[in-house]
Number of protein chains: 2
Amino acid sequence: MFLKRANFSMSIVPFIMNANKKKKPSELEIFRNFLKRHGLRYTPERETIIREIFSTHEHFDVDSLYIAMRHKGQRVSKASIYRLIPLLIKANLIEEVFFDSGQMHYEHIYGHEHHCHLRCQECRRIEEFSDERVAEIEKELGEKFNYKILRHKLEVIGICSRCQKKALDT
Amino acid sequence: MFLKRANFSMSIVPFIMNANKKKKPSELEIFRNFLKRHGLRYTPERETIIREIFSTHEHFDVDSLYIAMRHKGQRVSKASIYRLIPLLIKANLIEEVFFDSGQMHYEHIYGHEHHCHLRCQECRRIEEFSDERVAEIEKELGEKFNYKILRHKLEVIGICSRCQKKALDT
DNA sequence: AGGCTTATTGACATTGAATAACAATTTCTT
DNA sequence: AAGAAATTGTTATTCAATGTCAATAAGCCT
């Protein structure tokens, strides 16, 4: 019984779903579209930066992104990165995640489930998590205060197990 | 029955509670104590700044606090404010609440239930709320990732009803 | 109370992220 | 292919936040 159902869902259902869904467009396609809608231009510099950002699913800040690109021999000016970021945010491809050590940190969100961050105050390690309760809270807040909710940021700050142990040693 | 209970809880219980509880110390008392424990000094400048911060239950940033104090004829240098803030944070009297428009914003937390913020992206209006589900999430996270949880920040961002209406007019 | 140690202050200088200005270049439309 | 306008990198600028330092003052000790 269970096997049959599992079998069914693993073979027929995806087929049906695919029949109704278009292929998911890439970040670059999304962004080209965004640029066109806003009368902006697609340039090699922008493409290079976007490819770098989306080559991993890591948090980044402008400076480390710039350094990483230089190490790979890809030369774009920092100004171009700074100028691109607000566009990527407007296009819903990245978002600010937190401000730490004097600079804003971002991550890409397109194609990833929204998640929140648990951060270690000592070593700055980051764990990602998601919890459907936050979405509930969001929804209730929107109704209560008459807001159109756009997004949320939940940061939980603590001390990771390693740093707790370290603290004991000293 | 219900009336009697209500009556009881409104007369005897607070009396008992008061008998076991000391008067809640003021922010200044807390801070003096903190300074003493750390071999630091209590100065008129620090007192002035703290009085200003705790005179209202408002969010603040260094610049507007400085301006407000100057308008009242209280002259302390900005440097002293910047130097005081980390101490107030360590003493658990204030905390960072969000980074916006290029500067960090703080609020005082001593004597206030922890709460989170719903912010309007357009007019920067802020609503405060609290929800016990966040505490639950926190607790579960600590257990799951083996973190000692210190605090959390939940920011919900949206468009308030006024700004939604404004958007329709244009 | 007075003296001594050392934290604190304010003024000024510095850092560093983020933004602005601008001339040269490139994209994209017609 | 040409022209309008956006984009680029360079350079300069802004501004929050921090560091430096000499003068001052808090707080401890006798």
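Residue numbers start from 1 in every chain, and the chains themselves are labelled A, B, ... in the order their sequence lines are given, proteins ahead of strands.
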(request) Rounded off to whole Å, could you give me the CG-to-C1' distance for the A/L87 and D/dT7 pair? (result) 11 Å
(request) Find the distance A/R37:CZ to C/dC28:P and express it as a whole number of Å. (result) 16 Å
(message) Between P on C/dA17 and OH on A/Y66, what's the gap in Å once rounded to a whole number?
(response) 13 Å
(request) Kindly assign one of parallel, tilted or perpendicular to the pair A/H57 and A/H108, based on the angle between their ring planes and the thresholds 30° and 60°. (result) perpendicular
(request) Starting from C1' on C/dA17, measure out to CG on A/D100 and report it in whole angstrom. (result) 14 Å
(message) Check this for me, if you would: do B/E140 and B/K144 make a salt bridge, where the nitrogen-to-carboxylate-oxygen distance has to be below 4.0 angstrom?
(response) no
(request) Using a cut-off of strictly less than 4.0 Å, decide whether A/R46 has a side-chain nitrogen or oxygen near OP1 or OP2 of D/dT8. (result) yes
(request) Starting from the C-alpha separation in whole Å, work towards a yes-or-no answer on ring pair (Phe, Tyr, Trp, His ring centres under 6.0 Å) for B/H115 and B/H117. (result) CA-CA 7 Å; B/H115 57 259; B/H117 299 90; 5.1 Å; yes
(request) Starting at atom CD of A/E47, determine the distance to atom C1' of C/dT27, rounded to an integer number of angstrom. (result) 14 Å
(message) Between the side chains of A/K72 and A/E52, is the shortest nitrogen-to-carboxylate-oxygen separation below 4.0 Å, so that they form an ion pair?
(response) yes
(message) I'd like to know if B/R133 pairs up with A/E136 as an ion pair, taking the criterion as any Lys NZ or Arg NE/NH1/NH2 lying under 4.0 Å from an Asp or Glu carboxylate oxygen.
(response) yes
(request) Could you run through nucleotides 16-30 of chain D and give me one letter per nucleotide, 5' to 3': B if any protein heavy atom sits under 4.0 Å from the base, S if only the sugar-phosphate is that close, - if neither? (result) SBB-B----BBSS--
(message) Measuring to OP1 and OP2 of C/dG10, would you say a side-chain N or O of B/S80 lies under 4.0 angstrom away?
(response) yes
(request) Nearest whole angstrom, please: distance from the C1' of C/dT8 to the CG of B/L88. (result) 15 Å
(request) Answer yes or no: is there an ion pair linking A/E155 with B/R151, defined by an N-O contact shorter than 4.0 Å? (result) no
